[in-house]
Visitor: 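To start, I am sharing the structure in question, which I have written as structure tokens.
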Amino acid sequence: MRSRTKLIILFVIALILIGLFLLTDLSFNWDYVLPRRTMKILAIILTGCAIAFSTVVFQTITNNRILTPSIIGLDSLYLLIQTFIIFAFGSAHMTLMNQHVNFIISVILMVIFALLLYHFLFKREGQNIYFLLLIGIIFGTFFNSLAEFMQVLIDPNEFQVVQDRMFASFNNVNTDLFNISLILMVLAALYFLRFAKYLDVMALGKDHAINLGVNYDSVVKQMLVVVAIMISVATVLVGPITFLGLLVANVAYQFLKTYRHRDLILGAMLISVIALVGGQFIVERVFTFTTTISVIINFIGGVYFIYLLLRESRA
Amino acid sequence: MIKIKNLTKKFGEKPVVKDVSVHIQKGKITSFIGPNGAGKSTLLSAVSRLIKHDIGEIFIEDKEIKKWKNNDLSKKIAILRQSNFLNVRLTVRELISFGRFPYSQGRLTEEDWQHVEEAIEFMDLHDLQDSFLDELSGGQRQRAFIAMVIAQDTEYILLDEPLNNLDMKHAVQIMKILRRLVDELGKTVIIVLHDINFASFYSDYIVALKDGKIIKQGPTDEIIDQVNLKEIYDMDIPIRTIDQCKVCVYFA
């Protein structure tokens, strides 16, 4: 099967799932239900694509297929920011505080953190990407511990508000925030386009990429900035869902069996949409909100990885 | 011509290449030899801009390496490092087509494919072209990577220990190919070698490094000499001439 055929199959599955999600159980008040479901679907597509895209790009840059961008600690930083706001000002303030302000502060802080990390590390020669990751892991753990420390101290009622932010949710996506996110992501994607041709070559590794004329350090740095923006926006919009990236990127590699990033990225995006829409469908209609989408996806993902491991070890 | 002037490269505080100056002639095979840690690979990496040097200048066709645009340089000079582990699964043909990236930026034209075909032909990879790299033996894989470098169609070809882990047959095969690259296609080959007999048999010019400095350089015939080798390797290496070729007997 050629990549194009496979992509078309994925696209059709995604369309069917979206259709199912939008149109089943409509009952009579569809003019109330449909716009809400549409908003949810749009948020799912946007974040799903952003996560899939940034994970594939990140894995190509780092030349490692088991990493996700969350490893540099962006998820943890997001939780820390949210916890800190509640810790310092209380949840009442948070609901009072304009959602836009929260959104913008969080995105800016996360992108600045990522930029500082890259800038600080890339300025010194000989520091490779693994050092960056190591520092990222340490910062991530640090942010987590700090957030946990504050969570222990705050009022249990306030903690519930924090806990609510700890899990990804597509149930209350703000339309205005969605529009801002969409614009930011489209801009990032447009900026990225001119580097797109380098991805295939960079998958060969640093030496080959330089040999073939890629301005390696500069391209890596700019791609990482795009990845950081996408991840930050997606996380702030719906909560930490980068766990999804690892799964969809690897399913895309396995399913498409190609090295071409144009196909890989498209495939990963479609798989991501399928996983999220399908997962959300199960959460809402089968489990009637008794579980979260993270649980479903982690469960299916875990089973899939065990299957992969078993198959590889037999071969 | 490649001119290296007073090149110094430090890793941390430790200088690995110290004040090296050398001219590499066109249309010849130049071998870098010397003991482990002499700085041969570092020198090669600096010339091919894989690592940045600290002090000194490298001129490629009378233009300093930092003034070259990356993409233009990749049409002039190609490097193949020792370890060629890939994270992606490619067929031989796909790998070779990557050699055309500097010209086509990934969208290969008719002419690009022509070059790919020629490289396949030259390296005798016709039967293997649709095999995946991870299904090949070390020697076949090395040939595929060299084919990619040939498809890149550069004047200068730099190879860092291309004979590593190859048996005698494949090592000889690779060296003969390099000789053909120079004699038939007029390329300039710079190569890091450990086995001085391969250097003696196949290279035109030898540069010997020790402790980051060049201690000898000259035509192969002059360098392969018991006194010189003693100085380079701290070993007494008797030399025998067999069929007008100098063989170094370093086993005892």
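We name chains A, B, ... by the order of the sequence lines, and we start the count at 1 in each one.
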Visitor: Might you confirm whether atom CD of B:E121 has over 12 heavy atoms from other residues, nucleotides or ligands at distances under 6.0 Å?
Guide: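 No, CD of B:E121 has 12 or fewer neighbouring heavy atoms, counting only those of other groups under 6.0 Å.
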Visitor: Tell me whether B:Q152 contacts the main-chain N or O of A:N211 through its side chain, where contact means a donor paired with an acceptor under 3.5 Å.
Guide: yes
Visitor: Not counting sequence neighbours, which residues clear side chain to side chain contact (heavy atoms under 4.5 Å, CB included) with A:F11? List them please.
Guide: A:L15, A:L270
Visitor: Tell me, for B:L73 versus chain A, whether the close heavy atoms (under 4.5 Å) come from the side chain, the backbone, both or neither.
Guide: neither
Visitor: Who among B:P102, B:G106, B:G99 has the most heavy-atom pairs with chain A under 4.5 Å?
Guide: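 With the most close heavy-atom pairs to chain A, the winner is B:P102.
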Visitor: Could you check, using the six-membered ring where one of them is a Trp, whether B:F145 and A:H208 have ring centers closer than 6.0 angstrom?
Guide: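 Yes - the distance between ring centres of B:F145 and A:H208 falls below the 6.0 Å cut-off.
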Visitor: Do other residues, nucleotides or ligands put more than 12 heavy atoms under 6.0 Å from A:R260 CZ?
Guide: no
Visitor: Under a 4.5 Å cut-off applied to non-hydrogen side-chain atoms, are B:N70 and A:V214 in contact?
Guide: no
Visitor: What's the spacing between B:S45 OG and A:D207 CG if we round to 0.5 Å?
Guide: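 Answer for the OG-CG pair, B:S45 versus A:D207, is 7.0 Å.
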Visitor: Answer with side chain, backbone, both or neither: which region of B:R81 has an atom nearer than 4.5 Å to a non-hydrogen atom of chain A?
Guide: side chain
Visitor: Under 6.0 Å from the CG atom of B:D134, do we count more than 12 heavy atoms belonging to anything else shown?
Guide: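 More than 12 heavy atoms, drawn from other residues, nucleotides or ligands, come within 6.0 Å of this atom.
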Visitor: For atom NZ of B:K176, decide whether the heavy atoms of other residues, nucleotides or ligands shown that lie under 6.0 angstrom number more than 12.
Guide: no
Visitor: Specify the closest pair of heavy atoms between B:N71 and A:L212, including all atoms of both residues, with the distance to one decimal.
Guide: OD1-O, 4.1 Å
Visitor: What distance do A:Y259 atom OH and B:T91 atom OG1 have between them, rounded to the nearest 0.5 Å?
Guide: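 Rounded to the nearest 0.5 Å, the OH-OG1 separation comes to 7.5 Å.
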Visitor: Looking at B:H23, I'd like to know if its NE2 atom is crowded, meaning that more than 12 non-hydrogen atoms belonging to other residues, nucleotides or ligands lie closer than 6.0 Å.
Guide: yes
Visitor: Taking all non-hydrogen atoms of both residues, which atom of A:K197 and which atom of B:F101 are closest, and how far apart?
Guide: O-CE1, 3.5 Å
Visitor: Could you tell me whether A:F142 atom CZ has more than 12 heavy atoms of other residues or ligands within 6.0 Å of it?
Guide: no
Visitor: Do you know which two heavy atoms are closest between A:D217 and B:K52, and how far apart they sit?
Guide: OD2-NZ, 3.7 Å
Visitor: Does B:R89 use its side chain to pair, donor to acceptor, with the backbone of A:K257 at less than 3.5 Å?
Guide: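 Side chain of B:R89 to backbone of A:K257: no pair is present.
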Visitor: Under 4.5 Å, counting heavy-atom pairs only, tell me which of B:L95, B:L158, B:L90 racks up the most with chain A.
Guide: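 Top count of heavy-atom pairs under 4.5 Å with chain A: B:L90.
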Visitor: Checking heavy atoms, do the side chain of B:L80, its backbone, both or neither come under 4.5 Å from chain A?
Guide: side chain
Visitor: Select, from B:V88, B:L86, B:L50, the one with the greatest count of heavy-atom pairs under 4.5 Å involving chain A.
Guide: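 Heavy-atom pair counts peak at B:L50.
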Visitor: Check each atom of B:I79 against the heavy atoms of chain A and say whether the ones under 4.5 Å are side chain, backbone, both or neither.
Guide: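 Interface part for B:I79: both.
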